[in-house]
Amino acid sequence: MDGDGHRVSSPRPGSGRVRGGRWRGVGAARGLVWGLAAAVPLIFLGVFFGYPVASLIARGFVTDGMLDLGGFAEVFSRPRTWRIIRLTLTQAVLGTAGAVLLGIPGAYVLYRRDFPGRAVLRAVVTVPFVLPTVVVGVAFRTLLADSGPLGFLGLDGTFAAIVLALVFFNYAVVVRTVGGLWERLDPRTEQAARALGASPARAFLGVTLPALMPAIASAASVVFLFCATAFGVVLVLGGVQFGTIETEIWIQTTQFLDLRTAAVLSVAQLVVVAGSLALFSRARHRRERALRLQSTSTRPTPLRLWQHHRPGPDLLPTAATAVVVGLLVLLPIATLVVRSLRTPSGWGLGNYVALGTTGGDNALTVTVWEAAANSLRIAVDATVLAVVMGVLVALVLSRRPRHLAARRAIGWMDGLVMLPLGVSAVTVGFGFLISLDTPPLDLRSSPVLIPIAQAIVAMPLVVRVVLPVLRAIDPRLREVAAVLGASPGRVLTAVDLPFLIRSAGLAIGFAFAVSLGEFGATAFLARPDRPTLPVVIFRLIGRPGAENYGMALAASVLLALLTAGVMGLAERLRGEHAGEL
């Protein structure tokens, strides 16, 4: 009997050792399972990302079997190199500043205010981000050409056109990232500032803006990353005149076969990418901590455009958002659609009918419809790969181990899986060709090469969409399930899986849309008889003749409809806590 008179059963001899041994066995099994879950995607990235990129860089620095770093001094002594670096950083800074300044009012209107059609407008704003870069380039060329609606501005073929296209492409990143945090901010702090006499502008600058800074910094670092590594947009709008590091790597490898210069530029780009990722990781961490403080979204309030016959506080941000959406988002897309209906003989569907041919002077080896079918098949394979690997990574990163070494390992893994987002797709594609050419990895003629390359590009986005959902799960749920005797697999299926499914639709949509529009790596790897849709669009643009250009416009509209349709469906399947990016 114990002190309270309760009967205490005596433990059986050896039962403690049995229980301790059982727990140690469960712990070992759990460690083995999570070790395998981490090893599979890391091996996949090591073989199909780390090895090709390292091989390409190594070929630039190894001469006759000896390490030779003289290429750095040679390449960086050229004025051309510094001009390219200056253009890359300038376009990235200007594109980032423009997207942030225009995106903050959009985030406020679309996430803190309620009005009819808000959900539709959110989907419309997202369309540019999922459009293939080649399509974005074609749309802005059509818009800014002498015969286009904004041709009077004289921006066709200028550096400003590239910056505008980058802002168009990344506007949704800022709106969704900042808006996702803004809708979870507690409005009572700002209301208290207003009650104490602060004007709306002073309350925003003194209370709301500091709270939004983690999201703004996170969005800015991602946009800077995308702008610094832009390829299709720069190639279509600027050509070699406004070349960047990304396009220069492509030119040096495809036209001059100068691997030494390409390797040096790849290292320079890696430095920029690593700096951006470090900033991104720090900002995201702060943002996630802030998100944990707000468990539910703030209910949006109706727009206040006018109050007491005077301009309301929402008039200025609403007007700014309307102008941006109308001129920067809708006008290029509408111009692209309208121009695709214009043929040499007048208005009609002639350009779309021609998609069943190989173009003027047989510009293509297959019809555009066959290329579209190739793109869809490849995107399905790439999506399956990206989602499987991305979910495994997200599951591992969502754990909160007690050991410091394990937590540090997870932090390193988080940074490693983000690298493909910023490393040149051109580097990845060309690295595939020169490294995966010997048994047992002789995949040069294999149909799996392009899906693998596209999966590597899409996988970080899958991780970023799924991970916030898994990290939002209260860890006590898993602990309670384990204490009640559930195996690790049972905990996974009963606790994590229901939350995971909620974000799976958006993750699949992002992976599929990114794969459909991927151009950098695919341009290297696509065989002439099996091109994808972005590749045939780029080929049609580069061939003379109004018929080919009209087909390029029609094919761009087709690709835009496919990607927008996929994202529209994914948005409908989006869970409440799905990550924005």
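The chain is numbered in sequence order, starting from 1.
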*Given V448 and D381, is the side-chain contact (heavy atoms from CB on, under 4.5 Å) satisfied, shown in steps?*
CA-CA 8 Å; V448 305; D381 297 339; over 6 Å; no

*Taking atom CZ of R83 and atom OG1 of T244, what is their separation to the nearest 0.5 Å?*
11.0 Å

*Search all heavy atoms of A453 against all heavy atoms of L525 and return the closest pair with its distance.*
CB-CD1, 3.7 Å

*Test log, rule side-chain contact (heavy atoms from CB on, under 4.5 Å), inputs L461 and V514*: CA-CA 9 Å; L461 293 177; V514 168; 3.4 Å; yes

*Non-hydrogen atoms of M413 and P41 that approach each other most closely*: CE-CG, 4.3 Å

_V223 versus A99, closest heavy-atom pair with distance_ = CG1-CB, 4.1 Å

*With a 4.5 Å limit on heavy-atom distance, are the side chains of F519 and I537 in contact?*
no

*Set of ring pair (Phe, Tyr, Trp, His ring centres under 6.0 Å) partners for F168, sequence neighbours left out*: F140

*How long is the span from the CD1 atom in I245 to the CD atom in Q252, to the nearest 0.5 Å?*
12.5 Å

*asked:* Any heavy-atom pair between the side chains of P534 and E518 that's under 4.5 Å?
replied: no

*Counting distance only, does the side-chain N/O of T563 pair as donor-acceptor with the main-chain N or O of A560 below 3.5 Å?*
yes

*Between I216 and L209, does a side-chain contact (heavy atoms from CB on, under 4.5 Å) hold up when you go through it step by step?*
CA-CA 9 Å; I216 295 173; L209 189 60; 3.8 Å; yes

*Could you tell me the separation between the CG atom of L376 and the CG atom of L516, rounded to the nearest 0.5 Å?*
6.0 Å

_Measuring from atom CD1 of I104 to atom CG of L212, what distance do you get when rounded to the nearest 0.5 angstrom?_
7.5 Å

*With a 4.5 Å heavy-atom cut-off, do I452 and F49 have their side chains touching?*
no

*Assess the side chains of T261 and R78: does a donor N or O sit below 3.5 Å from an acceptor N or O?*
yes

*Which residues pass the side chain to side chain donor-acceptor pair (under 3.5 Å) test with R377, sequence neighbours left out?*
N374

*With side chains defined as the heavy atoms from C-beta onward, is the minimum distance between Q454 and I378 less than 4.5 Å?*
yes

*Taking only Lys NZ, Arg NE, NH1 and NH2, and the carboxylate oxygens of Asp or Glu, determine whether R80 and E248 approach each other closer than 4.0 Å.*
yes

*Are the side chains of L150 and L331 in touch, meaning some heavy atoms are under 4.5 Å apart?*
yes

*Might you point out which heavy atoms bring S515 and A382 nearest each other, and give the distance in Å?*
OG-CB, 3.5 Å

_Beyond-backbone contact of S398 with L467, side-chain heavy atoms, under 4.5 angstrom_ = yes

*Ion pair present between D258 and R260, side-chain N to carboxylate O less than 4.0 angstrom?*
no

*Rounded distance (nearest 0.5 Å) linking atom OG1 of T142 with atom CD1 of I333*: 12.5 Å

*Find the distance between OH (Y171) and CG (L328) and round it off to the nearest 0.5 Å.*
8.0 Å

*asked:* Show, in sequence, the C-alpha distance, side-chain angles and deciding distance for M459 and L45, and conclude whether the side-chain contact (heavy atoms from CB on, under 4.5 Å) test is met.
replied: CA-CA 10 Å; M459 194 179 81; L45 281 177; 3.5 Å; yes

*asked:* So which atom in L166 and which in N170 form the shortest heavy-atom distance, rounded to 0.1 Å?
replied: O-ND2, 2.8 Å

*Heavy-atom distance under 4.5 Å between the side chains of V462 and V466, does that happen here?*
yes

_Are F76 and V264 packed together at the side-chain level, in the sense that at least one heavy-atom pair is separated by less than 4.5 angstrom?_
yes

*So, for L558 and A372, which heavy atoms are closest and what is the spacing to 0.1 Å?*
CD2-CB, 4.3 Å

